[in-house]
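These notes concern the structure reproduced below.
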Amino acid sequence: MSATEFDRTPVQPNQLQPARHFAASYAGEHAAGTEFVIGATFVAWGVGTSDILWGLIFGNLLAVLSWGLICAPIAVKTRLTLYAYLEKITGINTVRLYSIVNGIMFCVLAGAMITVSASAFRELLDLPPQVHWYPTSIGFVAIALIVGVVVAAIATQGFGVVAKFAEVCAPWMVLMFLVGGIALLPTLVAQTPGVESISSWSDFKLIADTHIWRDSQGEMGFWHVVAFAWICNLAMHGGLADMTILRFAKKSSYGYFSALGMYIGHFLAWVCAGIMGAGAALILATTVSALDAGAVAYQALGLAGIIAVIIAGWTTANPTIYRAGLAFQSLKPSWSRKKVTFVTGIVTTIIACFPFVFTKLLDFVGLMGLILTPIGAVIFTEHYLFPKFGLTRYWVKFSNRQISVPALATWILALVFSAILNVLGVHLFFLLVPAWIFTMVCYTVLARSVGAATAYPEETQADNAAQETRQQAEQQFLSDSVASGDTNHQKHSLSTPLFSLCILCLITCFGLSIATLNGGLTLEQFKQALIWPTLVYFGAAIANISLGSRQPG
C-alpha cells in the first residue's frame, strides 16, 4: 500500500493538493485525443450549428454542476476513494463486484486513449488507418504496446505525478485545438461561395452550416447534444469515480475546476475538432468518418499535431488507468497499488490494440455511465438522504454485513429498468434522469425493509466523533499553512524566466494561427513553424516544474 495514496484511509491534511493541480488535471484530461473523435462524430450526426453550440453550453453546465454539487462535496467530506467509501455503505463483497466492473470499464476507456495516441505514430510511419474492431497492422500493435507501457509507468507514480504531467501538457494541449481550428478556417472559407473572409458571426455560421455542422433534419438534435455532453463523463461525476481524485482537494469548490475540462475540452476542443475534421476532409477529398485523430491533427498542425494527439491520449489515459488500478487494488488491500496499476496498464494496452474501443467510443461512454451510475446514486442516497428520512447511514458496516443485498438488487433492477426504457424507444443518452430517480426510490425502500431503519446509536456516535475530529484537525492544518505562507514556493515557481518563456511560446503558437487566418502564412508554412515553439515550450515547462518541485516548502 502506498504511504501517500491513502488507498484505504482518509487523505492526510499534509497531502492535500493545490488548486492548480486540479485545474491542470481537468483541463488536460478533458482535452484529449478522443476529442478529435467526438468532434468529428458531431459533424457526422448532421446536427445544425446552433444546436451544437447551445447544446454543448447547457450540457456541459449540467456536468460541471454534477461534479461541484454531488461528487466533490462527498469526496472532500470523507477523504476516501470511491471504493473505500462504498465499502462502508455496501460491504466489502459488494465493492469487489463493483470494482471488477468499474476497473474493466476504465481499462477499455483508457485503451481508447492509447489507441488515439498510437494513431498519431501511425500517421508518421505511413501505416494503414485502423477502422475495424481488430488491428490490421503489426506495426500499429507494436506502437500501441510501446505507448501503453509509457502511460502505465506514469500512472503507477500516483496522483501527484499524474497531476504534474497534466500541468505541463494542459496549456499547450488546449491551445493546439484552438490554433488548429483557426488555421484550417481559410481552407473552409475558400470552399464557401459568398464568403471571402470571416468578419462576422454570420460569415462563420454560413461556413459552419455549409461544411461542418450541416443540419440533416435527422434523429439527432439539440437535446441529444445536451444529454451527451452531460453523460459523457457520467461515470466520473454521477458515478462518483472522481472521488478518487477530488479527495485530495483542499475545498469542495475545486470540483468546479471541471468547468475547465468541460468548456475548454468538451466545448472548445469539440468545436475546433469539428472544424479541423471538416477542413482535413476537404484537403484529403474524403469524409470525416474515414479519418482518425492522427490524420486530422497532422493535416491541421503538422508534426505538432502528432505530438498533440500523443500527449492528448496520455493526459487522459494516465488518470483513467490510475482510477482503474485503485479499483482492482480494492479487491485485496494488501496488494501493492503500484504493481496493480502497472498490471492494469498492461491489460489496458492489450485492449488498445483492438480499435473497437476507438470506433464505438460515444456508445461506450454512454453505456459505461449508465452501468456505473446506479452505484453513485446509491452512495448519494445514503450519504445525503438517509439522515433526512430517519434511516441509518452506514448501517451495513454497523451490522457487520459483507454484502448489501439492497444495493446489488437496486443496481440490477436499475439496469433492467434502463434496458426496458431503451427498448420502448428512449434514447441511450436520455436514460440518466429516470434511472437515477428509480435507483434512489428503489434503494431507499429495499434498505429500509432489510435493516437501514435500525438505529445504531453507539456506532453512529463513534463514527461521527471520529469524522469530526479528523475534519477539525484538517481545518487547523490548513489554517496554519495559510498563516505561515506555506504555498509561497508554488507562487515563486510561477514567476521564473522559464515560466515567462512558456507563456511566450504559447503566444507565438497563437500568433502563427492568426497569421495563417489573415493570409500572412500558408497552411504548410504554419505547420512547419509550429513545431519550434512547441519544442521550446515543453523544454521550458518541464524544467520549470522540476525546479519548482525542488524548492523548499
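Throughout, numbering of the chain's residues begins at 1 and tracks the sequence.
- Heavy-atom minimum distance, Met243 versus Leu82: CB-N, 4.0 Å.
- Side-chain contact between Thr439 and Thr381: absent, with no pair of heavy atoms (C-beta onward) separated by less than 4.5 Å.
- Atoms CZ and CG, on Phe222 and Leu56 in that order, are 9.5 Å from each other to the nearest 0.5 Å.
- Of all non-hydrogen atoms in Leu446 and Thr410, the two that sit nearest each other are CD1-OG1, 3.6 Å.
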With side-chain contact (heavy atoms from CB on, under 4.5 Å) as the criterion, how do Tyr85 and Leu240 come out once you've worked through the C-alpha distance, each side chain's angles and the decisive distance to 0.1 Å?
CA-CA 11 Å; Tyr85 193 47; Leu240 302 185; over 6 Å; no
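- Contact check for Phe204 versus Ile275: side-chain heavy atoms found under the 4.5 Å cut-off.
- Of the possible polar contacts, one joining the Thr115 side chain to the Ala352 backbone as a donor-acceptor pair under 3.5 Å is found.
- Between Asn422 and Phe430, the closest side-chain pair of non-hydrogen atoms is not below 4.5 Å.
- Trp270 and His266 have parallel rings, their planes meeting at less than 30° on a 0 to 90° scale where 60° marks the start of perpendicular.
- Looking only at side-chain heavy atoms (C-beta outward), Met176 and Cys272 stay at 4.5 Å or farther from each other.
- Taking each heavy atom of Ala324 and Thr344 in turn, the nearest pair found is CB-CG2, 3.6 Å.
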Please report the C-alpha distance between Ile264 and Phe177 in whole Å, then the side-chain angles of each, then the deciding distance to 0.1 Å, and finally whether the side-chain contact (heavy atoms from CB on, under 4.5 Å) criterion is met.
CA-CA 9 Å; Ile264 295 176; Phe177 281 96; over 6 Å; no
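- Using a 4.5 Å cut-off on side-chain heavy atoms (C-beta onward), His30 and Met262 make contact.
- In this structure, the ring of His21 has its center no less than 6.0 angstrom from the ring center of Phe248.
- Here the CG atom belonging to Leu185 is positioned 11.0 Å from the CG atom belonging to Asn518, to the nearest 0.5 angstrom.
- Interatomic distance, Phe267 CZ to Ile57 CD1, rounded to the nearest 0.5 Å: 4.5 Å.
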Evaluate the criterion side-chain contact (heavy atoms from CB on, under 4.5 Å) for residue pair Leu184 and Ile283; output intermediate values, then yes/no.
CA-CA 10 Å; Leu184 275 183; Ile283 293 171; 3.8 Å; yes
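- To the nearest 0.5 Å, atom CZ of residue Phe429 and atom SG of residue Cys232 are 9.0 Å apart.
- A side-chain donor-acceptor contact under 3.5 Å links Ser66 and Trp230.
- For the atom pair CD1 of Ile114 and CD1 of Ile321, the computed distance is 4.5 Å after rounding to the nearest 0.5 Å.
- Crowding of Phe417 atom CZ: a count of heavy atoms from other residues, nucleotides or ligands under 6.0 Å exceeding 12.
- The aromatic rings of Phe42 and Trp45 sit perpendicular, their planes meeting at an angle over 60°, well past the 30° parallel limit.
- Here the side chain of Tyr443 pairs no donor or acceptor atom with the backbone of Trp411 at under 3.5 angstrom.
- Scanning all heavy atoms of the two residues, the minimum distance from Cys509 to Val179 falls at O-CG1, 3.8 Å.
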Evaluate the side-chain contact (heavy atoms from CB on, under 4.5 Å) criterion for residues Leu268 and Tyr263: first the C-alpha distance (whole Å), next the side-chain angles of each, then the deciding distance (0.1 Å), finally the verdict.
CA-CA 6 Å; Leu268 178 66; Tyr263 285 102; over 6 Å; no
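- With 3.5 Å as the limit, one finds a donor-acceptor pair spanning the side chains of Ser200 and Ser202.
- The shortest distance between side-chain heavy atoms of Val271 and Trp213 falls below 4.5 Å.
- When all heavy atoms of Glu382 and Pro387 are compared, the pair lying nearest together is O-CD, 3.7 Å.
- In terms of heavy atoms, Val95 sits closest to Leu86 at CG2-C, 3.6 Å.
- For the atom pair CD1 of Ile379 and OG1 of Thr373, the computed distance is 11.0 Å after rounding to the nearest 0.5 Å.
- Relative ring orientation between His427 and His224 is described as perpendicular, the plane-to-plane angle rising above 60° on a 0-90° scale split at 30° and 60°.
- Between Phe526 and Leu301, some side-chain heavy-atom pair lies under the 4.5 Å cut-off.
- Taking a 6.0 Å sphere around OH of Tyr98, one finds it holds more than 12 heavy atoms contributed by other residues, nucleotides or ligands.
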Where do Phe22 and Phe257 land on the ring pair (Phe, Tyr, Trp, His ring centres under 6.0 Å) test, with the steps shown first?
CA-CA 7 Å; Phe22 297 90; Phe257 280 119; 7.4 Å; no
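- In this structure the side chain of Asp242 never reaches within 4.5 angstrom of the side chain of His237, judged on heavy atoms.
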